[in-house]
K.L.:
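Sharing a structure below in structure tokens format, with a few things to ask.
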Amino acid sequence: LRDQERERLSEGADVTADDIEQTAAALAAFDERLGAAANAQDYESE
Amino acid sequence: MPRYAWDAQAGRYRDSRGAFVPHLRGRFDALVDAESARVSGLLRGVADGTSSPAEFALQLRDSVKFLETSATMLARGGKAHATASDWASAGGRIGAQFAYTPRFISEMEAGLESDPAFVADRLTAYLARADRYLTSAVGSFENLTRDALDGDGLEEKRALDRGGKSCPSCVRYAAAGWGPVGHVPGIGQACECGGSCRCRFVRRRVVKRKQTFSDDLTFNDIRELLSAAVNDGVAPTDYGRRYWVRDVADSWVVFEDNTDSALYRRTYVIGEDQAVTLGDVERVAVRTKYDKVQMAAFSIEAGAEAGSVVTWSGPIFRAGDYPDKGFAASADDLAAAADAFEPVDLNVEHKDSIFSGAFGELRRIWAEGEELHGEIVTPSWFRDDVVKGSKLSVSTEWDMEAKRLVGLATALSPRVTGAELVAAFSKGEAHFVGRRNSKTDAGRIQAIHDHTAELGAACGATPKEKKTMSESTTQSKPSFLDKVKALFGSATPEELATLTSASAPAPVAPPVTPSAPATLSSDADEITRLRAENEQLKTVRQTAIASQAAAFADGEIAAGRRVPADRDELVAIFTDAATLDDTSPRTVTFSVGGQAKTGTRVDELRAREAARSSHGLLNRTVGAGGTVAMSGSGATPPDDIAAAVQAAESYAATKNAGSHLKAV
């Protein structure tokens, strides 16, 4: 394994803020409804 | 783009209208499939040597993390609503999956060192193994969704993986059927497969049993009961199948299979305990039926009668918008409809029946500005015995798209009342205004008009119009009534002079019935008057025939050709012949003295009777010498008498020859 690969494989499983934003963006790109859910606002505030 | 809001109380998304968003599980499955394809691609690359185990492992870890993060985000209301605790839990699940990857990679690397086909030989097993790592996110999605959900008023059941990856425990949980939310373990919990299946939860609203004194169910209650009942029939292994109620009647329900949109119908009975009993399933299909649209009804009037036919005319439609029929027509549309018109039968109330077309025909239509007019021809008995009046309500049938008139029907209730119409011929001029009329058409219609007027129909034309219309109405041509009067012998000498004068103009004879008004106010009055006159004339004619028959019979008896006992029979024979001559005139041929003659039936009867010999029974003559002789005929020649006497004497001599008496 290359060093870079070994480093990535050793990364932790924690979900970071970047992970959340990237995931929300990826969901919106993948599917309109999933994107709407990922970026949903509070119903009470509507 | 859908814009969802998270209802934390319900634990569900709502759309922009406030309605709950359907379960996103199907969308999440697609997401898992996409990641699985990406991972599988790299694993196949490892098998054919185009990718390294490390590249595959990195993709596997990324996909696992992405799917678990997505599951948490989607199940908890989006990135704005997932809590730190949620993300910590997600990190724990991701870490558990990550823990498998080093051993997976080491195994492949070791195998490939000794055997380049090591992964290729085990590709199917490795693909399934990688898929299990990813599929664990499906269980996370389902379980997190359930945890967030407010289960009040809902019930759920487990639906199995249609790919057949469910373990025995999963099957057992599914067999438990419907129950409160949480009545069976979550996906991947307390089971052998550990979440490598794609089982799911299906939920429905609980139909609350009414606990009031009223046993009445609302329509919504019935619909929900039926929805629950038809979906109870879905097998636990029937992954993803759902029946949506599409229609409900008193005794049956139609529902749609969401997997193939097929429609089914089942009969049902709801018991007093609100238990639903369903009948057999039958496949059904929706049938589309197009009905003719009935447009506004108009009232038209009967016009003149020619022979046994009555012509009706008047407005049958008016340009405008008819939003309740989804139809609109302009004046130009009406003109175009008139151009394209073909005659159609007169229907009855827009329904097919044995009377369709039996009452008449719409012969032509023409546009007059905003109105469409029509001309109908019916038998006179339709007016007299069916309509029993001179007004007829009709309504039109249209080809909605082409805006073409395709039918006309009688209608009981005119939608547009008070449409005062102009009867054909009442203006003294036939209505050949329509643009479709050729000169030939106009000529024919005018000829009909003239003939009708000649027969006595009222004509409201001005003198000028009458002149252009028909000379006959202003000159001395005898009317129908005049001819009848002449035929029945009741015309005055002045009238007879008029009738027999072919060329000399003379005023038209006054009305026959003294009580009849000089000027008829309407066609109906005219018809009534004509009928009365006809009855009167029939009586006169019958009296005349009876008188003639009696005179004929008495004359035959007096002539010695008939005896008094024959009188009644002779009167009857004469009456029959005379009546037939009136009702069914026919020229008959008969012989008079060996010569062929022609004449009426009465003429034949008279000739036949005249040819009879006199019986002479009632003739009495007194001969010379005081001898009274009875003879067959007063005209018998004397030679005949002498011959008879001689014959009698000869007979007597013959008879006396053999007896004791001898003639001296």
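Quick caveat, the model's predicted, so the values are computed rather than measured. Just so we're on the same page: letters track the sequence lines, and every chain starts at 1.
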K.L.:
Calculate, to the nearest 0.5 Å, the distance between atoms CG and CG belonging to B/Leu31 and A/Leu27 respectively.
P.N.:
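Answer for the CG-CG pair, B/Leu31 versus A/Leu27, is 6.0 Å.
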K.L.:
Go through the atoms of B/Phe66 and report whether side chain, backbone, both or neither lie under 4.5 Å from a heavy atom of chain A.
P.N.:
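When you check distances to chain A, atoms from both the backbone and side chain of B/Phe66 fall under 4.5 Å.
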K.L.:
Tell me, for B/Asp62 versus chain A, whether the close heavy atoms (under 4.5 Å) come from the side chain, the backbone, both or neither.
P.N.:
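It is the side chain, since no backbone atom gets that close.
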K.L.:
Take a 6.0 Å sphere around OH of B/Tyr100 and say whether it holds more than 12 heavy atoms from other residues, nucleotides or ligands.
P.N.:
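12 or below, so no.
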K.L.:
When you measure from the side chain of B/Lys65 to the backbone of A/Asp19, do you find a donor-acceptor pair of N or O atoms at a distance under 3.5 Å?
P.N.:
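No.
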K.L.:
In residues 68-80 of chain B, which residues are in contact with chain A at a heavy-atom separation under 4.5 Å?
P.N.:
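The stretch touches chain A at B/Thr69, B/Ser70, B/Met73, B/Leu74, B/Gly77, B/Gly78, B/Lys79, B/Ala80.
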K.L.:
Highest number of heavy-atom pairs under 4.5 Å with chain A: which of B/Ala30, B/Gly95, B/Ala8?
P.N.:
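The answer is B/Ala30.
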K.L.:
When rounded to the nearest 0.5 angstrom, what is the spacing between OH in B/Tyr4 and CG in A/Asn39?
P.N.:
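The distance works out to 12.5 Å.
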K.L.:
Report which part of A/Gln22 has an atom under 4.5 Å of a heavy atom belonging to chain B: side chain, backbone, both, or neither.
P.N.:
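A/Gln22 has no heavy atom closer than 4.5 Å to chain B.
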K.L.:
Report the distance from atom OH of B/Tyr13 to atom CD of A/Gln41, rounding to the nearest 0.5 Å.
P.N.:
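These two atoms lie 11.5 Å from each other.
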K.L.:
Taking all non-hydrogen atoms of both residues into account, name the closest pair between B/Ile94 and A/Ala13 and its distance.
P.N.:
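Closest approach of B/Ile94 to A/Ala13: CG2-CB, 3.6 Å.
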K.L.:
Rounded at 0.5 Å granularity, tell me how far CZ in A/Phe30 sits from CZ in B/Phe28.
P.N.:
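Answer for the CZ-CZ pair, A/Phe30 versus B/Phe28, is 10.0 Å.
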K.L.:
Sort B/Arg27 into side chain, backbone, both or neither according to what part of it lies under 4.5 angstrom from a heavy atom of chain A.
P.N.:
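Backbone plus side chain of B/Arg27, per the 4.5 Å heavy-atom cut-off to chain A.
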